[in-house]
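What follows is a short report on a single structure.
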Protein chains: 2
Amino acid sequence: MEIRIHDAIDLAERTLTRYGMRARYARMTAEHLVDAALCGHEFASLPRLLAIVEELRRKPPAGEAHVVRENERSAVIDGGDNVAYAVSVIAVDKAIELARKSGIAVVGVRNTWFSGRLAYYVERAARQGFVAMHTTNTTARVAPYGGIDRLFGTNPFAIAFPANDEPLVVDFGTAATTWGETILRKNKGELLPDGVAVDAQGSPTRDPDAALAGAFLPWGGHRGYAMSLVIQLLALLAGSEPVVKESGKFGLFFLAFDPGLLMPADQYKARVTELRQIIKATRPAPGAGQVRVPGDASLRKRKENTAAGVIRVDDRIYSRILALLDSR
Amino acid sequence: MEIRIHDAIDLAERTLTRYGMRARYARMTAEHLVDAALCGHEFASLPRLLAIVEELRRKPPAGEAHVVRENERSAVIDGGDNVAYAVSVIAVDKAIELARKSGIAVVGVRNTWFSGRLAYYVERAARQGFVAMHTTNTTARVAPYGGIDRLFGTNPFAIAFPANDEPLVVDFGTAATTWGETILRKNKGELLPDGVAVDAQGSPTRDPDAALAGAFLPWGGHRGYAMSLVIQLLALLAGSEPVVKESGKFGLFFLAFDPGLLMPADQYKARVTELRQIIKATRPAPGAGQVRVPGDASLRKRKENTAAGVIRVDDRIYSRILALLDSR
């Protein structure tokens with residue numbers, strides 16, 4: 001079915017507050033979830049409400065997210081055991097505030113759980129003129145290259161650059177598969193692709209259940225492993241345990257800086273737009289379509305869907321959300 | 001043959017000054033080249049002298065590298081058309097100086113050519129207690145994912161973290177192959193692996209000559225492409241052209257920050273060492289050896305070779321270096 005954008009945000013917000021989330025955090029989370037649908041990431045949208053509510057029911061009431069220490073160029077935030085959809089907005093806004101003052105800042109965040117698309121937070125900073133990088137580790141599910149034990153999360157990396165047109169946003173995970181994708185295959189009775197997971201004994205497997213009991217592999221061999229390790233090391237800096245066995249013990253890292261530190265900001269934005277145009281005008285591989293710029297498909301879908309004024313939601317998901325609202 | 005470490009540094013330094021390099025820059029470059037041999041990277045060591053000298057002969061005398069603009073948290077350096085082996089040491093030392101003062105700093109560098117192992121510069125910062133990241137673009141040889149035109153360099157990425165024992169150093173390129181590797185295969189009459197390059201018409205090729213006339217592919221599909229693009233965008237910030245057609249038009253980016261901004265620095269170093277030990281103690285894949293930590297093999301070889309006091313140099317390379325010293 002289709003829901004109007006404002007109704008979808010309102011629905012998500014009401015559901016979250018009904019289960020004890022503070023109004024302000026519920027609003028931030030709802031906006032993020034609906035934006036994911038606008039950008040074409042349906043799995044990252046309203047279906048996540050169900051998982052978030054499940055977590056809210058299990059947890060004691062959360063405190064306020066708060067700044068633990070701060071100077072002009074850095075801050076450490078304790079998320080107060082609130083959902084990272086909200087805490088990460090607070091964190092990136094703090095990074096922006098400090099970078100506006102000092103030109104550059106880092107922010108570390110701990111005591112939070114469940115984030116969304118990392119692109120969402122860095123794009124927010126790029127729209128205000130900053131280059132912003134954000135990484136987080138997640139529950140240990142990924143083995144190091146050459147290993148079979150779960151040490152790292154699926155550890156996503158995101159960075160956004162301001163441009164004359166739309167920000168250029170890069171956002172990718174560093175594991176060969178994701179928890180969501182594996183669950184999806186399991187539910188559909190499908191096998192995983194080759195080379196993305198091992199079972200508990202360390203033998204390659206395509207069985208989703210065996211992969212969930214074993215470990216995912218890093219994407220891209222030893223270089224993807226190195227990238228995953230970098231994100232784990234940045235997470236340590238934000239207070240993560242070396243290996244994260246349970247949700248909520250992650251470390252979120254944010255960096256924001258003004259490109260004006262190194263060249264006139266307007267000139268830089270023009271350069272980013274110029275490179276984007278060069279990429280789109282370059283020759284595609286034989287038989288392939290136009291070469292893509294990372295993040296641009298999401299931006300285009302958001303524009304189309306916002307113009308249409310609606311998002312699509314799976315009927316069964318919608319019914320389950322309504323049931324949640326009734327059952328409390 | 002084997003040469004004693006100090007003799008090798010002296011030989012490289014004399015060769016470079018003989019061809020007009022300033023003594024200070026020649027010393028920096030010589031130390032880097034010999035360190036590469038100590039770390040087991042023979043191709044990145046004294047053989048590079050030949051290419052550097054060729055470039056020195058072609059170029060007009062260089063000026064001094066100098067700071068173009070600077071504030072407490074950033075600097076822009078004009079390399080004065082000097083070799084990046086030297087200019088990058090100056091740049092990372094500037095980043096360290098500023099980060100010591102302000103906690104965090106970025107440095108952009110332009111007008112320089114030929115760098116070495118990026119690990120060398122970031123390790124230097126990590127030994128002084130800083131987390132340091134360094135990227136550079138290089139001459140355009142790599143197509144975007146889905147494309148066939150040369151837009152990006154082989155764009156390496158490096159980052160180092162201070163630890164209680166040795167710094168943990170990550171350093172990798174974002175192309176499926178390198179210029180050096182392709183030249184080596186060409187000279188040996190060998191084919192390239194599958195899937196690393198296309199010819200000028202965009203068809204997959206394993207022929208080194210066709211690959212050099214065409215384009216390399218990014219490593220790791222769309223994610224490696226995204227990473228390569230990130231490095232290109234950071235290079236723009238340091239003054240690079242969007243697409244670099246000739247050596248010397250690159251943009252080098254450096255970031256350094258004190259981990260003490262986010263947690264007590266000693267505690268962080270202990271955590272990095274703890275994670276390194278966890279990785280080394282983790283179960284390897286069936287039939288594989290101990291799981292490796294990126295950069296650790298280089299550190300181990302440097303220790304062994306430094307204890308032995310010598311580096312190995314190919315006899316023919318050594319003769320050619322001596323001939324360069326005579327022929328001037």
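The sequence lines fix the lettering, A, B, ..., with proteins before strands; numbering per chain opens at 1.
- Heavy atoms closer than 4.5 Å to chain B are found nowhere in A/A143, neither backbone nor side chain.
- Contacts between B/Q290 and chain A at a heavy-atom distance below 4.5 Å are absent for every atom of the residue.
- Within the 4.5 angstrom heavy-atom criterion, no atom of A/Q267 approaches chain B.
- Across all non-hydrogen atoms, the minimal contact from B/V291 to A/G146 is CG2-O, 3.6 Å.
- For A/V170, the part lying near chain B is the side chain, with the backbone staying farther off; criterion is any non-hydrogen pair under 4.5 Å.
- The nearest pair of heavy atoms linking A/P294 to B/L229 is CD-CD2, 3.4 Å.
- With rounding to the nearest 0.5 Å, the separation of OH in B/Y145 from CD1 in A/I279 is 15.0 Å.
- Side-chain atoms of B/L255 and A/I104, non-hydrogen and from C-beta on, do get closer than 4.5 Å to each other.
- In this structure, A/R73 CZ and B/F257 CZ are separated by 13.5 Å, a value rounded to the nearest 0.5 Å.
- Each of A/E70, A/M133, A/R223 has some count of heavy-atom pairs under 4.5 Å with chain B, and the biggest count is that of A/R223.
- Between B/M227 and A/M227, the closest side-chain pair of non-hydrogen atoms falls below 4.5 Å.
- Here A/E72 contributes atom CD and B/E72 contributes atom CD; the two are 9.0 Å apart, rounded to the nearest 0.5 Å.
- Counting only residues at least two apart or in different chains, side chain to side chain donor-acceptor pair (under 3.5 Å) contacts with residues 97-112 of chain A comprise A/D78-A/N111, A/K94-A/E97, A/R100-A/Q128.
- Ranked by heavy-atom pairs under 4.5 Å with chain B, the list A/V107, A/V76, A/V230, A/V68 is led by A/V230.
- Here CZ of A/F172 is found 9.5 Å from NE2 of B/H222. Values are rounded to the nearest 0.5 Å.
- With a 4.5 angstrom heavy-atom cutoff, A/L262 touches chain B via backbone and side-chain atoms both.
- Using a distance-only test at 3.5 Å, with no hydrogens or angles considered, a donor-acceptor pair links the side chain of B/Y225 to the main chain of A/R292.
- Between chain A and the options B/V293, B/T282, B/L233, the largest number of non-hydrogen pairs under 4.5 Å is found for B/L233.
- Annotation: maximal heavy-atom pairing with chain A below 4.5 Å, among B/P284, B/G221, B/G295, B/S203, occurs at B/P284.
- Side chain of A/R271 to backbone of B/G239: no donor-acceptor contact under 3.5 angstrom is found.
- For chain A, the option among B/G147, B/A105, B/G108 with the highest count of heavy-atom pairs below 4.5 Å is B/G147.
- Heavy atoms closer than 4.5 Å to chain B are found in the side chain of A/V243, but not in its backbone.
- Taking both residues in full, the closest heavy atoms of A/P286 and B/G202 are given as CD-O, 3.5 Å, listed atom of the first, atom of the second, then distance.
- In this structure, B/L151 CG and A/I278 CD1 are separated by 7.5 Å, a value rounded to the nearest 0.5 Å.
- Of all the heavy atoms in B/L275 and A/P242, the pair that sits closest is CD1-O, 3.8 Å.
- Both the backbone and the side chain of A/D149 come within contact range of chain B, judged by heavy atoms closer than 4.5 Å.
- Under a cut-off of 6.0 angstrom, the local environment of NZ in A/K269 is crowded, with over 12 non-hydrogen atoms contributed by other residues, nucleotides or ligands.
- Paired with B/F161 under the rule side chain to side chain contact (heavy atoms under 4.5 Å, CB included), one option of A/L237, A/L236, A/L234 passes, and it is A/L234.
- A/L261 CG to B/R69 CZ: the interatomic distance, rounded to the nearest 0.5 Å, is 7.5 Å.
- Ranked by heavy-atom pairs under 4.5 Å with chain A, the first of B/V198, B/N71, B/V131, B/L168 is B/L168.
- Proximity to chain A is limited to the side chain of B/A288, based on heavy atoms less than 4.5 angstrom apart.
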